[in-house]
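Notes follow the structure.
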Amino acid sequence: MAKRLIPLFNRVLVEKIVPPSKTNAGILLPEQSSKLNSGKVVAVGPGFHGKDGKIVPVAVKEGDTVLLPEYGGTEVKLNEKEYYLYRDDDILGTLND
Amino acid sequence: MAKRLIPLFNRVLVEKIVPPSKTNAGILLPEQSSKLNSGKVVAVGPGFHGKDGKIVPVAVKEGDTVLLPEYGGTEVKLNEKEYYLYRDDDILGTLND
Amino acid sequence: MAKRLIPLFNRVLVEKIVPPSKTNAGILLPEQSSKLNSGKVVAVGPGFHGKDGKIVPVAVKEGDTVLLPEYGGTEVKLNEKEYYLYRDDDILGTLND
Amino acid sequence: MAKRLIPLFNRVLVEKIVPPSKTNAGILLPEQSSKLNSGKVVAVGPGFHGKDGKIVPVAVKEGDTVLLPEYGGTEVKLNEKEYYLYRDDDILGTLND
Amino acid sequence: MAKRLIPLFNRVLVEKIVPPSKTNAGILLPEQSSKLNSGKVVAVGPGFHGKDGKIVPVAVKEGDTVLLPEYGGTEVKLNEKEYYLYRDDDILGTLND
Amino acid sequence: MAKRLIPLFNRVLVEKIVPPSKTNAGILLPEQSSKLNSGKVVAVGPGFHGKDGKIVPVAVKEGDTVLLPEYGGTEVKLNEKEYYLYRDDDILGTLND
Amino acid sequence: MAKRLIPLFNRVLVEKIVPPSKTNAGILLPEQSSKLNSGKVVAVGPGFHGKDGKIVPVAVKEGDTVLLPEYGGTEVKLNEKEYYLYRDDDILGTLND
């Protein structure tokens, strides 16, 4: 039975995007193209209580492609897959096509 | 006579879930399946006073299965059993089936 | 003449409970049963001024049995007896039968 | 001409109580009775501006007997006598008979 | 397909301005003229929630030429070009002609 | 032309009082009488913006004799005389006759 | 084309005043007269958002002569001249004749 993790507060569950090291045609990509540390948002927490007593919602949403910091994040293994938990303010931005 | 601990503020009393190292059929599970550090919430505090003077309730509730951080938590021995106390904002998320 | 200490702010005066190392019948208890670090609340402060200007009352009351952190607390000798002062947010919880 | 010090903010001027090392009858008191670190409040500041813009008054008043922390306090020599200045939140409690 | 990064919170995406080390006529510029560490703002985040619950907008806007601190900033490679992410309060000022 | 310094925020400009090491009659004073570290307030800043947006005025005023902390303060030489700048909350109290 | 820097938030652009080491008549000034670390305010930022959501304006204005701290400030070279950026709360005071 698959387990589903619902993050607490402003935490965000991310599945890292492993960049292809070869193109479909089998050509090896140069190293620099694998430098972008990005991931897919799998689940987000409900936000946290701000100083004015109201909930501050999480700044990203499920399905967003996000740019991740080089360090940080908590590794979580769920249903035999690796995920990472970040506070939303550690996530650098969203990537759009 | 069994003692019951009611945590203070946003503390959460957790009983860690010890993952089975064998299946019911006696097959040894691979090491990776025991990596998920989870627990059952046994008791929660009443929350704490936010900056606006209102109580911020605890983010998890009794009976929740929670994902715990790798480090931290205060070990408490109660009625010959081991429990752990966490601040609710140290708990990473809730696990649902 | 006995002196009475009224703690300031959110401080709590606690008399530690020394666990019996033998039962009444004289049977030596195993070491683990003496691990619970608990105490009786003897006096509490009036609370402190919260950020909204209102008093935040102390989270425990006289007579409560409390679970204490392993470290911390200020030793106070009063009328030839040892007591400990804690901030209420250092106290882990209350113990109820 | 004697100088009078009016503390600023939440500071408290304290004259430490030197415990008698002998009773009036000349009997030497055991060492433990001199452990209580207490003092008489000589002057208090006007309090400080809280986050809501109102004055938070000092928690002790002139004439109070207070329990002092083992460390801290600023020594002040005034009119050939030694006093100590404390922030009121460093004072542990008031001692009443 | 080109990727577009939308920074989160008060982050600012900057493309550093590389000072020409030669003039168009091929004359080598003295070293001091390359000391100004400036960049072009490419994208800005939506701002962050202030303590009063309202959004504090980012202090610079797309197209601004900004003076950057000597250290700090997170390098990001996007569509084969190097960019830098800064919190807006780390940016020293805007440069105008 | 003499320069006048107007301190910023809650800063206070103080001229230290050098205790006479001899009385007028030429009698050498014992060392302890020179221990009181005091000064005359020469100028005060306008105060600073409190968290509620209102100005918190400086706690001392021009002409006050103040008790200074043993360490701290910024030395300033103005019109060939030495002064010291303190934040008002570093000043211990005012001295009155 | 001359560049103009507009500081961000509560930053202040200062041109340091280099004290003359000789008088106009060519007499060498004693070393102490060069100790005053002062500057001319060239540009100020718009201020920053206070905790109550309102802008707190910068405490000095263009043209002010200011007393600078001995350490700190960020050196900026602009149009072949050296300037320094300070947060307004690092500036000690204003100097008036």
Side-chain angles (χ1 to χ4, degrees), chain D residues 1-16 18 37 39-64 66 68-92, chain F residues 9-12 14 16-17 19-21 23-24 27 29-41 44-73 84-97:
Chain D
M1 192 164 50
K3 284 212 172 284
R4 208 162 66 88
L5 175 68
I6 301 170
L8 280 174
F9 302 100
N10 62 334
R11 286 193 186 82
V12 177
L13 188 68
V14 172
E15 191 183 341
K16 283 205 182 171
V18 183
N37 192 13
K40 204 78 166 178
V41 174
V42 174
V44 302
F48 63 90
H49 275 79
K51 304 235 159 150
D52 63 337
K54 299 208 193 77
I55 291 284
V56 179
V58 171
V60 294
K61 59 179 197 299
E62 213 186 301
D64 278 357
V66 289
L68 301 168
E70 203 175 347
Y71 301 106
T74 304
E75 199 186 319
V76 177
K77 195 164 270 174
L78 223 64
N79 310 320
E80 306 304 308
K81 270 173 82 176
E82 265 176 30
Y83 297 91
Y84 288 81
L85 275 166
Y86 293 88
R87 299 270 183 182
D88 69 347
D89 51 4
D90 290 334
I91 295 178
L92 301 172
Chain F
F9 301 100
N10 63 334
R11 287 194 185 81
V12 177
V14 172
K16 283 204 182 172
I17 294 168
S21 55
T23 62
N24 290 341
I27 299 159
L29 290 170
E31 204 192 342
Q32 62 188 15
S33 64
S34 66
K35 276 286 183 53
L36 193 59
N37 191 12
S38 62
K40 204 78 167 177
V41 174
V44 300
F48 63 91
H49 275 78
K51 305 235 159 152
D52 63 337
K54 300 210 193 75
I55 292 284
V56 180
V58 171
V60 295
K61 59 180 197 300
E62 213 187 301
D64 278 358
T65 303
V66 287
L67 184 65
L68 301 167
E70 204 175 346
Y71 301 106
Y84 288 82
L85 275 166
Y86 292 88
R87 300 271 182 181
D88 69 346
D89 51 3
D90 290 334
I91 295 178
L92 301 172
T94 56
L95 285 159
N96 303 63
D97 293 318

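Naming: A, B, ... by sequence-line order, numbering from 1 per chain. All of these numbers come straight from a predicted model, not from anything done at the bench.
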Rounded distance [0.5 Å steps], CG in Leu5(D) versus OG1 in Thr65(F):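 Answer for the CG-OG1 pair, Leu5(D) versus Thr65(F), is 11.5 Å.
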
Mind checking the NZ-CG spacing from Lys51(F) to Asp52(D)? Nearest 0.5 Å is all I need. 12.0 Å

For a 4.5 angstrom cut-off between non-hydrogen side-chain atoms, does Arg4(D) reach Asp97(F)? no

Residue-level interface, residues 54-61 of chain F with chain D, non-hydrogen cut-off under 4.5 Å: Val56(F), Pro57(F), Ala59(F), Val60(F)

Side chain, backbone, both or neither: which part of Asp64(F) has a non-hydrogen atom closer than 4.5 Å to chain D?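 Asp64(F) has no heavy atom closer than 4.5 Å to chain D.
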
Pairs of donor and acceptor atoms involving the side chains of residues 8-16 of chain D, under 3.5 Å and at least two apart or interchain, shall be tabulated with distances.
unit_1, atom_1, unit_2, atom_2, d
Asn10(D), OD1, Arg87(D), NH1, 2.9
Asn10(D), ND2, Asp88(D), OD1, 3.1
Arg11(D), NH1, Ile91(F), O, 2.9
Arg11(D), NH2, Asp89(F), O, 2.6
Glu15(D), OE2, Lys81(D), NZ, 3.3

Can you tell me which residue pairs pass the salt bridge (Lys or Arg N to Asp or Glu O under 4.0 Å) test with a partner in residues 39-50 of chain D, sequence neighbours excluded?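 Not a single pair qualifies under salt bridge (Lys or Arg N to Asp or Glu O under 4.0 Å).
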
Asn96(F): partners by side chain to side chain contact (heavy atoms under 4.5 Å, CB included), with sequence neighbours left out: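 In terms of side chain to side chain contact (heavy atoms under 4.5 Å, CB included), with neighbours along the sequence ignored, Asn96(F) is linked to Ile6(D), Thr94(F).
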
